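The figures that follow rest on heavy atoms only: side chains count, while hydrogens, waters and symmetry mates do not. These numbers were taken from a predicted model, which means no experiment stands behind them. Along the sequence shown, residues are numbered consecutively beginning with 1.
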Amino acid sequence: MGVMLVCEYPVTLLFLVSFHHFSFVSSSSSSSSQNATQPRSTHSEVMSSFDEYDEETPTASPSSSSTSALDLNPCDYDMCVEQQQTCMDLAKVENCLCPGLSDLFTRPSPPRISHLTQQGGRGVVVHWCAPTSIINSYIVLVKNKDRVISSREVEQHKRALVLEDVEAQAVVCVEAVNKGGVSEEDDQSCANFEPKHADSGLALKLGIIGGVVGLILLLILALLLWRHKRRQKFTARSETEGVL
């Protein structure tokens, strides 16, 4: 009886172990077969999906922005008029186009002096036009033989400045200033002051008066000569008639 129990237990254990191994193998094979039947995404399929996404994604057309810029009108902005708002502010308000302006961190181009106006004896009013640059201020210099006599800084909205005690043949220059530096001097940003003296105007007036007086005297002299010749002719005719 004891021998039979000993023999039966190993057989039973062997049967249980075999059954458990078979169930594990079958479940593994079924899961692997299911995984094998599922389709896998290949590299070409992934790339094609990306291509389809790129084709469907809307892109902004560059021609639309350029066309809208071409449709804008130039701003009504005068470079030589002072105390007006900047062209950039005007463009924001009126939706217009400014001339090509360099930025605030680029060295500005030189301004252009339009003319100098004499005021009084040695006073000068310098008028200038803004450069094609964004600036912070202007510097107005008065030089004599490359020596700076006076220097004044004015705000960016100014286009004219009154200078006192400017000597004859002095050089007046205007420089533009921003965060990129100071503009270079050239023939347009500097001008020589040539005053018109009052003595020269007086001499011109005296010359004109003298010419008019001389012309009147010449006419009077011509009239006297004509009368004198006429009197001589009348006298000679009277003597001839008396003799006859």
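When all heavy atoms of Glu155 and Tyr138 are compared, the closest pair comes out as O-CD1, 3.6 Å. Taking every heavy atom of both residues into account, Tyr77 and Gln85 meet most closely at CE1-O, 3.3 Å. Of all heavy-atom pairs between Ile113 and Ser189, the closest is CD1-O, 3.2 Å.
Rounded to the nearest 0.5 Å, atoms OG1 (Thr117) and NE2 (His127) are 3.5 Å apart. Rounded to the nearest 0.5 angstrom, Trp128 CH2 and Glu175 CD are separated by 12.0 Å.
In terms of modelled atom types and a separation under 3.5 Å, the side chain of Glu153 and the main chain of Ser137 share no donor-acceptor contact. Of the possible donor and acceptor atoms, none in the side chain of Ser109 sits under 3.5 Å from a partner among the backbone N and O of Pro131. Within the 3.5 Å criterion, the main-chain N or O of Val177 finds no donor-acceptor partner in the side chain of Asn136. Checked by atom type and distance alone, the side chain of Arg122 never pairs as donor or acceptor with a backbone atom of Gln119 at under 3.5 Å. His157 places no side-chain N or O within donor-acceptor distance of the main-chain N or O of Glu82, the cut-off being under 3.5 Å. Between the Arg112 side chain and the Ala130 main chain, no donor and acceptor come within less than 3.5 Å of each other. At distances below 3.5 Å, not a single donor-acceptor pair connects side-chain atoms of Asp187 with backbone N or O atoms of Cys190.
Open room surrounds CG on Asp76; 12 or fewer heavy atoms of other groups in view lie less than 6.0 Å from it.
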Can you give me every donor-acceptor pair (side chain of residues 90-101, partner residue at least two apart or in another chain, under 3.5 Å) with its distance?
none

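Not counting sequence neighbours, His228 has no partner by the ring-ring contact (aromatic ring centres under 6.0 Å, His included) test.
Every pair passing salt bridge (charged side-chain N to carboxylate O under 4.0 Å, His left out) that includes a residue from residues 125-147 is listed here, sequence neighbours excluded: Lys143-Glu185.
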